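Below is one structure, written out as structure tokens, with a few remarks after it.
By convention in this document, chain letters (A, B, ...) are assigned in the order of the sequence lines, proteins followed by strands, and residues within each chain are numbered from 1. These figures come from a predicted structure and were not determined experimentally. Worth knowing before you read on, the calculation uses all heavy atoms, side chains too, and leaves out hydrogens, waters and symmetry mates.
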2 protein chains.
Amino acid sequence: MLKTEIDMDKAAIILKLLGDKTRLTMVKLLENHDCCVCEFVEIFNASQPSISQHLRKLRDVGVVKEERKGQWIFYSINKNNDYYPFVEQILKQLPDQEDKLKALEEKGARITCC
Amino acid sequence: MLKTEIDMDKAAIILKLLGDKTRLTMVKLLENHDCCVCEFVEIFNASQPSISQHLRKLRDVGVVKEERKGQWIFYSINKNNDYYPFVEQILKQLPDQEDKLKALEEKGARITCC
DNA sequence: TTAATATATAATGATTTGCTTATATATGCA
DNA sequence: TGCATATATAAGCAAATCATTATATATTAA
């Protein structure tokens, strides 16, 4: 199997994208769980438009994808992205952020539709 | 041996730092060769202050270090940095940039003092 | 000591970024 | 249908970023 090498332009774009604490944490959370916008709003204690804009950037570059489930839109890592292995290598080196989801559940704010 | 886990704040800072094509390429070049400022100026066809400022940012965060050799100041990867493994993992996934150094040599612009 | 070379720093300005506020759109439910 | 909830988008603004120009510092060589 050929190892696909990422080109420098794209690598820089992805690194810049991940070079924001909110986005980086989002993507790390998505590594193991799909999340919807309102969950991120809770987790980061941020405004809804702010979260929405971060997700848009991640989506525009293809790092995450969205899927509507009824009222909610769930985001997940886009594993079909050519650069997914690159992103995954980075995520693997980060501490897990499970505590944030746990806190959500304790608040009763975890969305488990469907 | 304990794997040192990078914290999210620092990770985001480093990723943002590497999220610039010039800096990313610089660091990738430094992975295998020390380089001095004037070499970078040639390679990137950039102004000297611009290169100097990029290097300063990399140095401020501890990703690279400098060493004066006579007239020149050589930069190299700071392997003592706690976050060196994190950076190295990323660099490993990038295409090598040897062609850029080769072009320098052909121009006779490679500095091989000492 | 003077000139040339290599580098760093400071000041300025244009662009980008990330937030806020306001508004639009889409779904679910009464 | 009408209202509440979830999300996206647009506009505006402050802060950060990156290049440029000008200048300062350090080293080498004449």
Side-chain angles (χ1 to χ4, degrees), chain A residues 8-9 12-27 30 34-61 63-76 104 107-114, chain B residues 8-9 12-27 30 34-61 63-76 104 107-114:
Chain A
M8 294 297 279
D9 290 272
I13 288 169
I14 289 176
L15 292 170
K16 182 193 264 184
L17 198 64
L18 297 180
D20 172 278
K21 199 188 169 187
T22 302
R23 284 194 297 265
L24 186 62
T25 308
M26 279 176 160
V27 176
L30 292 178
D34 296 0
C35 293
C36 72
V37 180
C38 61
E39 289 174 320
F40 285 133
V41 169
E42 276 293 322
I43 288 171
F44 295 107
N45 199 26
S47 75
Q48 177 268 317
S50 172
I51 295 297
S52 213
Q53 284 157 16
H54 281 304
L55 286 167
R56 188 188 215 289
K57 287 178 190 180
L58 289 168
R59 188 163 47 83
D60 283 351
V61 176
V63 171
V64 306
K65 58 187 169 64
E66 59 173 39
E67 182 187 0
R68 179 175 282 277
K69 287 188 183 170
Q71 202 169 4
W72 298 283
I73 295 179
F74 278 75
Y75 281 83
S76 57
L104 255 201
K107 269 206 273 182
R110 186 92 169 99
I111 306 290
T112 48
C113 79
C114 318
Chain B
M8 294 296 279
D9 290 272
I13 288 170
I14 289 176
L15 293 170
K16 183 192 267 184
L17 199 63
L18 298 181
D20 172 280
K21 199 188 169 186
T22 302
R23 284 193 297 265
L24 186 62
T25 308
M26 280 176 159
V27 177
L30 292 176
D34 297 0
C35 294
C36 73
V37 179
C38 60
E39 290 175 319
F40 284 134
V41 169
E42 276 293 323
I43 288 171
F44 295 107
N45 199 25
S47 74
Q48 177 269 316
S50 171
I51 295 298
S52 213
Q53 284 158 16
H54 281 304
L55 287 167
R56 188 187 214 288
K57 287 178 190 178
L58 289 168
R59 187 163 48 82
D60 283 350
V61 175
V63 171
V64 306
K65 58 187 169 64
E66 60 171 38
E67 182 189 359
R68 179 176 281 277
K69 286 187 183 171
Q71 203 169 1
W72 298 282
I73 294 178
F74 278 76
Y75 281 84
S76 57
L104 254 202
K107 270 206 273 184
R110 186 94 170 99
I111 307 289
T112 48
C113 79
C114 316

>> Show, in sequence, the C-alpha distance, side-chain angles and deciding distance for A/Met26 and A/Ile43, and conclude whether the side-chain contact (heavy atoms from CB on, under 4.5 Å) test is met.
In response: CA-CA 9 Å; A/Met26 279 176 160; A/Ile43 288 171; over 6 Å; no
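- Between A/Trp72 atom CH2 and D/dT5 atom P the separation is 12 Å, expressed in whole Å.
- Put simply, CD on B/Gln48 is 12 Å from C1' on D/dT25, counting in whole angstrom units.
- When each of A/Ile51 and B/Val37 is assigned the nucleotide of DNA chain C bearing its nearest heavy atom, the one mapping closer to the 5' terminus is B/Val37.
- At a threshold of 4.0 angstrom between heavy atoms, the contacts of B/Tyr75 are confined to the sugar-phosphate backbone, with no base atom among them.
- Few gaps surround CG on A/Asp9; more than 12 heavy atoms of other groups in view lie less than 6.0 Å from it.
- Here the OG1 atom belonging to B/Thr25 is positioned 10.5 Å from the CG atom belonging to B/Leu18, to the nearest 0.5 angstrom.
- In this structure a side-chain-to-backbone donor-acceptor pair under 3.5 Å is missing from B/Glu42 to B/Glu39.
- A/Leu55 CG to A/Glu66 CD: the interatomic distance, rounded to the nearest 0.5 Å, is 9.0 Å.
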Dump every N/O contact between nucleotides 16-19 of chain D and the protein below 3.5 Å, one line per pair.
| unit_1 | atom_1 | unit_2 | atom_2 | d |
| --- | --- | --- | --- | --- |
| D/dT17 | OP1 | B/Lys16 | NZ | 3.2 |
| D/dC18 | OP1 | B/Arg23 | NH2 | 3.3 |
| D/dC18 | OP2 | B/Arg23 | NH1 | 3.3 |
| D/dC18 | OP2 | B/Lys57 | NZ | 2.7 |
| D/dA19 | OP2 | B/Ser50 | OG | 3.3 |
| D/dA19 | OP2 | B/His54 | NE2 | 2.7 |

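- Look at A/Arg56 and you'll find a side-chain N or O under 4.0 angstrom from OP1 or OP2 of D/dT9.
- To the nearest 0.5 Å, atom CG of residue A/Leu24 and atom CG of residue A/Leu58 are 9.5 Å apart.
- With rounding to the nearest 0.5 Å, the separation of CZ in A/Arg23 from CD in A/Gln53 is 10.5 Å.
- The outermost nucleotides of DNA chain C lying under 4.0 Å from heavy atoms of chain A, listed 5' to 3', are C/dT17 to C/dG28.
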> Given the rule in the side-chain contact (heavy atoms from CB on, under 4.5 Å) test, do A/Ser50 and A/His54 qualify, once you have shown the distances and angles that lead to the verdict?
Replying inline: CA-CA 6 Å; A/Ser50 172; A/His54 281 304; 4.0 Å; yes
